[in-house]
Amino acid sequence: MSVFSRLRNGIPPSRDDCQSPYERLSQRMLDISGDRGVLKNVIREGAGDPVTPDASVLVKYSGYLEHMDKPFDSNCFRKTPRLMKLGEDITLCGMELGLLSMRKGELARFLFRPTYAYGTLGCPPLIPPNATVLFEIELLDFLDSAESDKFCALSAEQQEQFPLQKILKVATTEREFGNYLFHQNRFCDAKVRYKRALKLLHRRRLVLSEEQHLVEAAKLLVLLNLSFVYLKLDRPAMALRYGEQALLIDQRNAKALFRCGQACLLLTEYEQARDFLVRAQKEQPCNQDINKELKKLSSYYKNYMDREREMYHRMFAPCEKGSSVGRN
């Protein structure tokens with residue numbers, strides 16, 4: 001029976017009838033701040049370790065006021081959400097506290113009391129004073145930049161004191177940062193991160209063959225990234241250099257062969273480009289990108305040969321006329 005029906009029938013309203021939607025929702029939520037200022041309800045569980053302080057997070061979020069269906073703030077319309085650093089880019093202390101309780105892949109709903117949201121003044125004209133707000137947050141990923149920044153600031157001798165797993169973890173973080181920057185078209189910044197990762201892996205003195213395998217596998221990924229980013233920076237010679245270094249680790253790696261082929265095509269080294277691309281096609285015959293690049297090479301080479309023939313024709317045509325006059 002609805003509230004109004006109960007009142008019409010002379011039945012006094014229950015305690016639940018007097019509560020607002022957010023008040024009813026809060027009763028089923030977990031207090032993560034200790035003073036019920038930040039309440040949480042997990043919609044979908046995540047995996048792995050929780051977010052670390054000073055991490056950079058990749059999230060989708062939408063914020064709602066009570067009695068409103070449309071969010072007053074959301075980044076869900078963005079194709080690629082912006083990477084935000086805790087303590088710098090996130091202004092709501094409730095959101096930061098909530099994120100520290102989350103794991104990668106988690107989707108959760110939070111209620112932030114005014115103290116943890118927009119305060120007694122609100123944020124006119126959107127947020128009224130003393131407003132409790134609801135946020136739905138999905139943690140896509142997070143990167144612990146503070147850990148890698150501190151580690152990279154150490155000397156080579158100090159870094160050598162750490163176990164291999166620590167170095168691999170930091171190198172992976174640097175590469176993942178580079179990947180994020182790459183997808184944001186910040187190719188120069190991505191290159192810096194990739195080079196930091198490669199420098200860490202080059203420094204490591206290896207003793208066991210198992211360590212050699214782990215480091216080489218990590219190097220291969222970084223070298224492929226560097227080759228690709230230099231292609232984006234229109235520096236094919238450097239792209240070729242890093243692609244060939246990747247092939248020293250895995251001579252049949254289709255991506256490395258493909259990157260080298262692309263670089264040689266840009267350098268107009270058509271025979272070498274063909275060699276790399278044919279080898280790449282042999283490893284992955286159904287790869288559409290490789291097959292398209294071979295067609296592009298064929299077209300470029302045909303145009304190149306046509307220009308060469310035209311140039312030679314212009315060079316020698318006057319000589320042929322002159323020689324025939326001489327014979328007469």
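These numbers come from the heavy atoms of this one structure, side chains and all, not from hydrogens, waters or symmetry mates.
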Would you kindly say whether [X] and [Y] are connected by a side-chain donor-acceptor distance under 3.5 Å?
X: Tyr116; Y: Asp35; result: yes
X: Asn287; Y: Gln281; result: no
X: Glu174; Y: Ser148; result: yes
X: Ser155; Y: Gln158; result: yes

Are [X] and [Y] joined in one hydrophobic group, where the rule is that I, L, V, M, F, W and Y side chains link up if heavy atoms are under 4.5 Å apart?
X: Leu247; Y: Leu277; answer: no
X: Phe72; Y: Met95; answer: yes
X: Leu223; Y: Val229; answer: yes

Task: Derivation of the salt bridge (Lys or Arg N to Asp or Glu O under 4.0 Å) call for Lys195 and Asp189 - done: CA-CA 10 Å; Lys195 285 198 167 183; Asp189 294 332; over 6 Å; no
Close side-chain approach of [X] to [Y], heavy-atom, < 4.5 Å:
X: Ile137; Y: Val59; value: yes
X: Cys188; Y: Leu233; value: yes
X: Met102; Y: Phe110; value: yes
X: Tyr270; Y: Asp275; value: no
X: Leu58; Y: Leu143; value: no

Task: Given Phe187, Phe177, Tyr194, the one that forms ring-ring contact (aromatic ring centres under 6.0 Å, His included) with Phe182 - done: Phe187
Task: Test log, rule salt bridge (Lys or Arg N to Asp or Glu O under 4.0 Å), inputs Glu106 and Arg103 - done: CA-CA 6 Å; Glu106 183 177 327; Arg103 302 172 190 274; 5.4 Å; no
Indicate yes or no for a side-chain donor-acceptor contact from [X] to the backbone of [Y] under 3.5 Å, with no hydrogens or angles considered.
X: Asn75; Y: Arg82; answer: no
X: Glu244; Y: Cys260; answer: no
X: Glu23; Y: Ser20; answer: yes
X: Arg44; Y: Gly105; answer: yes
X: Asp31; Y: Arg36; answer: yes
X: Thr172; Y: Leu168; answer: yes
X: Asp141; Y: Val57; answer: no
X: Glu283; Y: Ala280; answer: no
X: Lys104; Y: Leu139; answer: no
X: Ser33; Y: Val38; answer: yes

Open item on the list: Is there a side chain to side chain contact (heavy atoms under 4.5 Å, CB included) between Thr132 and Phe112? Walk through the geometry before answering.
Closed with: CA-CA 6 Å; Thr132 294; Phe112 303 146; over 6 Å; no
Determine the minimum heavy-atom distance between [X] and [Y], stating which atoms define it.
X: Pro81; Y: Leu140; result: CG-CD1, 4.0 Å
X: Ser74; Y: Cys76; result: OG-N, 3.1 Å
X: Ala256; Y: Gly243; result: CB-O, 3.9 Å

TODO: Apply salt bridge (Lys or Arg N to Asp or Glu O under 4.0 Å) to the pair Asp250 and Lys255, showing each step before the final yes or no.
DONE: CA-CA 10 Å; Asp250 181 3; Lys255 277 190 178 180; over 6 Å; no
TODO: Would you please test Lys296 and Glu293 for side chain to side chain contact (heavy atoms under 4.5 Å, CB included) and show each step?
DONE: CA-CA 5 Å; Lys296 186 194 294 187; Glu293 203 71 9; 3.7 Å; yes
- [ ] Carefully, step by step, assess Ile90 and Leu99 under the rule side chain to side chain contact (heavy atoms under 4.5 Å, CB included).
- [x] CA-CA 10 Å; Ile90 297 173; Leu99 284 166; 3.4 Å; yes
Spatial distance of atom [atom1] ([X]) from atom [atom2] ([Y]) [nearest 0.5 Å]:
X: Leu100; Y: Ile32; atom1: CG; atom2: CD1; value: 8.5 Å
X: Arg252; Y: Gln284; atom1: CZ; atom2: CD; value: 11.0 Å
X: Glu66; Y: Met68; atom1: CD; atom2: CE; value: 11.5 Å
X: Met238; Y: Arg241; atom1: CE; atom2: CZ; value: 4.5 Å

Task: Sub-6.0 Å ring centroid separation between Tyr242 and Phe228 - done: no
Open item on the list: Strictly below 4.0 Å, N to O, side chains only: are Arg274 and Glu271 in salt-bridge contact?
Closed with: no
- [ ] List, by chain and then residue number, the residues other than Leu111 in its hydrophobic cluster (Ile/Leu/Val/Met/Phe/Trp/Tyr, side-chain heavy atoms under 4.5 Å); write none if there are no others.
- [x] Tyr22, Leu25, Met29, Leu39, Tyr64, Leu134
Open item on the list: Test question: given the 4.5 Å side-chain rule for I, L, V, M, F, W and Y, name all other residues clustered with Val192, or answer none.
Closed with: none
TODO: Starting from the C-alpha separation in whole Å, work towards a yes-or-no answer on side chain to side chain contact (heavy atoms under 4.5 Å, CB included) for Ser101 and Lys40.
DONE: CA-CA 9 Å; Ser101 73; Lys40 177 181 179 181; 3.0 Å; yes
- [ ] State whether Phe135 and Arg109 meet the cation-pi test: NZ (Lys) or CZ (Arg) under 6.0 Å from the six-membered ring centroid, and within 45° of the perpendicular axis.
- [x] no
Open item on the list: Quick one, Arg193 with Glu176, criterion salt bridge (Lys or Arg N to Asp or Glu O under 4.0 Å). Give me CA distance, side-chain angles, the key distance, then yes/no.
Closed with: CA-CA 9 Å; Arg193 290 290 184 172; Glu176 288 176 348; over 6 Å; no
